[in-house]
Number of protein chains: 2
Amino acid sequence: MNIHLSLLPMRTRDTNKENSIRKQAIEMVVKEGLDGFSMQKLAKAAGVSPATLYIYYKDREDLINQIATEISLRLMESSLQGIHPKMSFADGMEIQWKNRLKFYLENMDEMEFIEQIRYSPLYETIRQVIRQKFGDVLGSFVMNAINRGEMMPLPFEVYWAIAFAPLYQLIKFHSQGRSHANDEFTINDEMVNMTLKLVLKALKP
Amino acid sequence: MNIHLSLLPMRTRDTNKENSIRKQAIEMVVKEGLDGFSMQKLAKAAGVSPATLYIYYKDREDLINQIATEISLRLMESSLQGIHPKMSFADGMEIQWKNRLKFYLENMDEMEFIEQIRYSPLYETIRQVIRQKFGDVLGSFVMNAINRGEMMPLPFEVYWAIAFAPLYQLIKFHSQGRSHANDEFTINDEMVNMTLKLVLKALKP
DNA sequence: TTTAAAAGTGAATGAATATTCATTTATCTT
DNA sequence: AAGATAAATGAATATTCATTCACTTTTAAA
């Protein structure tokens, strides 16, 4: 982005505005839900004319989509950091758990934004982008583990359901606990390690 | 509902209308997301005047809340059907898995409706109603299993994350697969049994 | 310093929004 | 049959919505 191949002069984009729009959009969706979000409110919150939003984004749907896609891709890249094909299954799993957890905790607003979109019809496009970009890597990680006898041979969906759904559930408990006084659950490393150990026990042949 | 203590005559409520409103609301939210839902569109789809909606429901938020709460309570009641305190942990788990799966498959639209709400700020109230009504039962089910040495002693959240998140993930894969040609995942009993077995293996001491 | 081009704007548009209100309609008891 | 009451309505309200447009501002190369 922001690279212009043309030799013609032009006004440069204000990255402060770009960031402010992004940040306020995320905050608004998290606080008021997808249906509490509007372009006019966003423009006001970001200190920008409504018309400016349409310079950055084609329309409302495109705005939500671009922001959500960018976050999702960052999450996936983060979660695969430090993964090598030769690595043992248990090590690979532990790294992915740590990576995902770290990303979540460091980007809670972004992740709650994604949660709002994830179950709405808007998310379908993003799901496809992710699958196209990371499907192979994740698939071969599982296949290797099975071939090496480190993991039970399982359909991919069963594997994923056991391997990651519990982590996401813990994170969900954590972020629900954030906003509520009588719900004191807070995630911690010990708990995560405990859960990961159980998950690995389940998947071992 | 529909019980009048007054002795005075009055016009009776049309239950067809009531059901039609409910059904169309669910369908609309599932198809177009929470922010694609509006009172006027609902009124038209249900063949009813907009004003009629305000006889049944205080306002838009109340409408969503009432429908979502009613569905959630039905799910919880279903999932505890046939559960007895003397039952072994494994049996109790299997029954709950079967009950939840059955309810989901028989009420897919309702459940996808709930998914839309679940991550929005609207869901907080419902979460509390559920906890208040079923928290004790679920809590003592876990405590019994631990005391009898049938299950590892775990924080409730860790237990839940391992015990049910994988099931929900499978169901999510299934309902995503429904609408997409190149995504052929379909849930079946064999797969569910396989996953449950792994989960029980993880939780066994 | 001129200038082309994109960035950025405020005000306006028309459609859609939630909700209300003055009426009419259906129902049950008497 | 009469009448009281709540159900049900269509039209109207004021607001908010996404989006557009004619216009001004900023930029950087020439």
Side-chain angles (χ1 to χ4, degrees), chain A residues 1-25 28-29 31-68 116-117 120-122, chain B residues 1-25 28-29 31-68 116-117 120-122:
Chain A
M1 312 299 159
N2 255 343
I3 294 169
H4 303 278
L5 299 178
S6 154
L7 301 173
L8 302 167
M10 57 176 170
R11 184 173 174 182
T12 50
R13 231 177 233 197
D14 185 339
T15 52
N16 290 338
K17 287 207 168 67
E18 205 161 356
N19 293 334
S20 174
I21 290 171
R22 229 189 70 95
K23 191 179 158 218
Q24 297 296 334
M28 189 174 297
V29 170
K31 284 209 185 115
E32 308 181 45
L34 238 192
D35 67 327
F37 166 86
S38 88
M39 298 297 267
Q40 317 226 58
K41 268 158 48 179
L42 172 58
K44 183 169 280 184
V48 144
S49 160
T52 305
L53 301 175
Y54 291 85
I55 297 172
Y56 295 90
Y57 306 102
K58 190 171 135 284
D59 54 25
R60 187 190 125 113
E61 187 174 327
D62 181 56
L63 186 150
I64 301 283
N65 253 316
Q66 276 196 45
I67 294 178
Q116 303 277 331
I117 315 298
S120 93
L122 287 173
Chain B
M1 315 296 160
N2 255 343
I3 295 169
H4 303 279
L5 300 176
S6 153
L7 299 174
L8 302 166
M10 58 178 171
R11 183 173 175 183
T12 49
R13 227 177 237 197
D14 185 340
T15 52
N16 290 338
K17 287 205 169 70
E18 205 161 357
N19 293 335
S20 175
I21 290 171
R22 229 189 70 95
K23 190 177 158 221
Q24 297 295 334
M28 191 176 295
V29 169
K31 282 208 186 116
E32 308 181 44
L34 239 192
D35 68 327
F37 166 86
S38 90
M39 299 297 267
Q40 318 228 56
K41 268 161 44 179
L42 172 59
K44 183 169 281 183
V48 145
S49 160
T52 305
L53 301 176
Y54 291 84
I55 296 172
Y56 295 90
Y57 306 100
K58 190 171 136 283
D59 53 25
R60 188 190 125 112
E61 188 174 326
D62 181 56
L63 185 149
I64 301 284
N65 253 317
Q66 276 196 46
I67 294 178
Q116 303 277 329
I117 315 298
S120 93
L122 287 173

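Bear in mind that the values here come from a model prediction, so they are computed numbers and not experimental data. Chain naming here is simple, since letters A, B, ... match the order of the sequence lines and numbering starts at 1 in each. Computation of the quantities below employed the complete heavy-atom set of this structure, encompassing side-chain atoms and omitting hydrogens, waters and symmetry-equivalent molecules.
In this structure, the nucleotide among C:dA18, C:dA12, D:dT9 sitting nearest to the side chain of B:Y54 is C:dA18. Checking D:dT9, D:dC17, C:dA18 against every side-chain atom of B:S49, the shortest atom distance belongs to D:dT9. Across D:dT27, C:dT9, C:dT19, the shortest atom-to-atom separation from the side chain of A:K17 is found for C:dT9. In the set C:dA12, D:dA12, D:dT27, the nucleotide with an atom closest to the side chain of A:Q40 is C:dA12. In this structure, the nucleotide among C:dT19, D:dC17, D:dA8 sitting nearest to the side chain of A:K41 is D:dC17.
When the side-chain nitrogen and oxygen atoms of B:Y56 are compared with OP1 and OP2 of D:dA7, none of them lie within a distance under 4.0 Å. Contact between the side-chain N/O atoms of A:T52 and the OP1/OP2 oxygens of C:dT9 is found at a separation under 4.0 Å. Distances shorter than 4.0 Å separate none of the side-chain N or O atoms of A:S38 from OP1 or OP2 on D:dT16. One finds no side-chain N or O of B:R11 lying less than 4.0 angstrom from the OP1 or OP2 phosphate oxygen of D:dT5.
A residue-by-residue look at B:G36 and B:T12 shows that B:G36 has its nearest nucleotide of DNA chain C further toward the 5' end.
In this structure, A:M39 atom CE and C:dA16 atom C1' are separated by 16 Å, rounded to whole Å. Rounded to whole angstrom, the span from the CG atom of A:L42 across to the P atom of C:dG8 amounts to 14 Å. The CZ-P distance, from A:R60 to D:dA18, rounds to 6 Å in whole Å. With rounding to whole Å, B:I21 atom CD1 is found 12 Å from D:dA7 atom P. Atom-to-atom, CZ of B:F37 to C1' of C:dA18 comes out at 11 Å; the value is rounded to the nearest Å. Per the geometry, CD1 belonging to B:I55 stands 14 Å off P belonging to C:dC21, to the nearest Å. With rounding to whole Å, A:N16 atom CG is found 16 Å from C:dA7 atom P. If you measure from atom CG of B:D35 to atom C1' of C:dA16, you get 14 Å, rounded to the nearest angstrom.
Closest heavy-atom contact between A:L34 and A:S120: CD1-OG, 4.1 Å. Here the shortest heavy-atom pairing between A:E61 and A:L122 reads CG-CD2, 3.4 Å. In this structure, A:D59 and A:Y54 approach most closely via the heavy-atom pair CA-CE2, 3.9 Å. Residues A:R22 and A:Y57 share a closest heavy-atom pair of CG-OH, 4.4 Å.
In summary, of the residues considered (A:V29, A:D35, A:I64), a side-chain contact (heavy atoms from CB on, under 4.5 Å) with B:D35 occurs for A:D35 alone.
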